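Below is one structure, written out as structure tokens; comments come after it.
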Amino acid sequence: MTDLAYDGLLAEEYVLKRLVYVNSANHAYSEFLLDEHLAMFGRNNVGKTASLAGTKLLLFPEVNFSNCEEKFRFVGNGGTYNQEDSYEFYFPEAISFITLEVQNPEGTFCMILYKTFGYTYGRMFVPVSYDELRAIFWNSDKNQFSEDLSVKAV
């Protein structure tokens with residue numbers, strides 16, 4: 001890669017804006033604004049680190065939990081978590097989702113991870129802000145999951 005091309009890529013702004021867990025990582029529904037100051041408080045072993053470690057699932061090019069101990073290195077008090085424990089933690093049900101809202105030079109989009117089968121997860125990209133998707137996942141008026149929450153609805 002030429003220095004000019006490399007410098008051009010570095011000059012462009014890429015921002016991780018929001019991380020959203022829906023029925024994942026011991027969250028019913030949580031939004032973390034990543035482009036603002038963030039502080040997480042809680043007792044030991046309640047999921048603060050695991051919530052942030054879940055970004056590995058979004059940022060790594062993987063779509064499965066095979067060789068999870070080496071690939072992701074999710075660690076807790078009992079040591080490194082295996083593929084079964086990690087898969088069940090991040091994708092316990094068919095209505096488990098992890099979303100990352102990103103802004104790049106082309107605009108804003110959301111990367112959405114969802115449960116598939118056999119310790120795997122799917123990845124889709126939707127070219128809108130999370131504000132435009134929220135109602136698919138969460139009914140803010142009723143403070144509960146959307147009634148037709150599913151991969152198909154997304």
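Because only heavy atoms are used, hydrogens play no part in the values below, and waters and symmetry mates are left out as well, while side chains stay in. All of these numbers come straight from a predicted model, not from anything done at the bench.
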Is there side-chain contact between [X] and [Y], with heavy atoms separated by less than 4.5 Å?
{"X": "Leu58", "Y": "Leu19", "result": "yes"}
{"X": "Leu59", "Y": "Leu100", "result": "yes"}
{"X": "Pro92", "Y": "Tyr87", "result": "no"}
{"X": "Phe74", "Y": "Asp85", "result": "no"}

### Message
Over 60° means perpendicular and under 30° means parallel, so tell me whether Phe72 and Phe60 are parallel, tilted or perpendicular.
### Response
parallel
### Message
Can you classify the ring geometry of His27 versus Tyr21 as parallel (below 30°), tilted (30 to 60°) or perpendicular (above 60°)?
### Response
parallel
### Task
Dump the intermediate steps for side-chain contact (heavy atoms from CB on, under 4.5 Å) on Glu62 and Leu57, then the final yes or no.
CA-CA 7 Å; Glu62 310 298 332; Leu57 300 173; over 6 Å; no
Counting distance only, does the side-chain N/O of [X] pair as donor-acceptor with the main-chain N or O of [Y] below 3.5 Å?
{"X": "Thr55", "Y": "Leu52", "result": "yes"}
{"X": "Lys56", "Y": "Lys71", "result": "no"}
{"X": "Ser96", "Y": "Asn23", "result": "yes"}
{"X": "Lys17", "Y": "Glu101", "result": "no"}

Connected via hydrophobic side-chain network under 4.5 Å: [X] and [Y]:
{"X": "Met124", "Y": "Trp138", "value": "yes"}
{"X": "Phe109", "Y": "Ile112", "value": "no"}
{"X": "Met111", "Y": "Val151", "value": "no"}
{"X": "Phe117", "Y": "Phe65", "value": "no"}

### Query
How about Phe137 and Phe97: are their ring centroids closer than 6.0 Å?
yes
### Query
Between Tyr90 and Tyr121, does the ring centre distance come in under 6.0 Å?
no
### Query
Just how far is it from atom CZ of Arg123 to atom CD1 of Ile98, taken to the nearest 0.5 Å?
10.0 Å
### Task
If a pair satisfies salt bridge (Lys or Arg N to Asp or Glu O under 4.0 Å) and one of its residues is in residues 139-154, list it, with sequence neighbours excluded.
Lys142-Glu147
### Message
Which residues pass the side-chain contact (heavy atoms from CB on, under 4.5 Å) test with Val20, not counting sequence neighbours?
### Response
Arg18, Val22, Tyr29, Glu31, Thr99, Tyr130
